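Only one structure is covered here, and it is reproduced in the block below.
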Amino acid sequence: MSALFNFHSFLMVVLLFICTCTYVKMQFPYVLQQKTGFRGFFWKAARIGERLSPWVAVGCFTMGVSIIVF
């Protein structure tokens with residue numbers, strides 16, 4: 001089943017995308033300096049990961065537990 005049609009998979013893809021963009025911005029800040037265009041989408045995801053990091057961490061932990069249990 002595609003991640004677009006399965007809500008659980010969609011949330012996992014979004015969380016992994018946010019975490020990956022945040023990690024890339026922390027390691028290589030010059031890659032995500034552009035705030036407009038195609039790379040601006042990645043910059044916005046990295047910004048969400050930076051500012052909402054406790055909530056993103058809780059979401060990743062909850063997703064991990066749900067994968068193990070279900």
Side-chain angles (χ1 to χ4, degrees):
M1 195 178 240
S2 176
L4 295 176
F5 300 116
N6 187 353
F7 189 67
H8 188 265
S9 298
F10 178 71
L11 285 178
M12 186 169 26
V13 168
V14 169
L15 279 172
L16 288 174
F17 180 72
I18 290 172
C19 292
T20 303
C21 288
T22 305
Y23 177 77
V24 168
K25 187 173 181 188
M26 291 296 143
Q27 295 298 318
F28 310 105
Y30 55 88
V31 174
L32 295 177
Q33 284 182 347
Q34 188 176 1
K35 298 178 185 178
T36 59
F38 184 69
R39 278 202 251 164
F41 183 68
F42 299 107
W43 179 84
K44 289 175 186 175
R47 181 62 67 174
I48 291 170
E50 289 173 351
R51 294 196 177 183
L52 298 175
S53 60
W55 292 103
V56 172
V58 167
C60 288
F61 182 77
T62 305
M63 189 64 64
V65 169
S66 71
I67 289 172
I68 291 172
V69 172
F70 299 112

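These numbers were taken from a predicted model, which means no experiment stands behind them.
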(message) Please give me the minimum heavy-atom distance between Thr22 and Ala46, naming the atom from each residue.
(response)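 Thr22 and Ala46 have their closest heavy atoms at OG1-O, 3.5 Å.
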(message) Please find the pair of heavy atoms, one from Met26 and one from Pro29, that lie closest to each other, and give the distance.
(response)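 Taking Met26 first and Pro29 second, the nearest heavy atoms are O-CD, 4.3 Å.
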What pairs with [X] under side-chain contact (heavy atoms from CB on, under 4.5 Å), at least two apart in sequence or on another chain?
X: Leu16; result: Met12
X: Arg39; result: Gln34
X: Val58; result: Thr62

Less than 4.5 Å apart, any side-chain heavy atom of [X] and any of [Y]?
X: Phe42; Y: Phe17; value: yes
X: Lys44; Y: Phe41; value: no
X: Lys25; Y: Val31; value: no

Can you get from [X] to [Y] by hopping between Ile, Leu, Val, Met, Phe, Trp and Tyr side chains that sit under 4.5 Å apart?
X: Val56; Y: Val14; result: yes
X: Ile18; Y: Val24; result: no
X: Leu32; Y: Tyr23; result: no
X: Phe10; Y: Leu52; result: yes

(request) Could you identify which residues cluster with Val65, counting Ile, Leu, Val, Met, Phe, Trp and Tyr as linked when any side-chain heavy atoms lie under 4.5 Å apart, either directly or through a chain of such contacts? (result)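 Noted: Val65 shares its cluster with Phe61, Val69, Phe70.
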(message) Quick check for you: to the nearest 0.5 Å, what is the distance between Ser9 atom OG and Ile67 atom CD1?
(response)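 Reported value, rounded in 0.5 Å steps: 8.5 Å.
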(message) Please report the interatomic distance OG(Ser53) to CD1(Ile48), rounded to the nearest 0.5 Å.
(response)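 Going from OG on Ser53 over to CD1 on Ile48, the span is 12.5 Å.
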(message) Restricting to salt bridge (charged side-chain N to carboxylate O under 4.0 Å, His left out), what partner residues turn up for Arg51, sequence neighbours left out?
(response)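 If we apply the salt bridge (charged side-chain N to carboxylate O under 4.0 Å, His left out) test to Arg51, skipping adjacent residues, there are no hits.
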(message) I'd like to check the side-chain hydrogen bond (donor to acceptor under 3.5 Å, both in side chains) partners of Thr20; sequence neighbours left out, ordered by chain and number.
(response)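 None.
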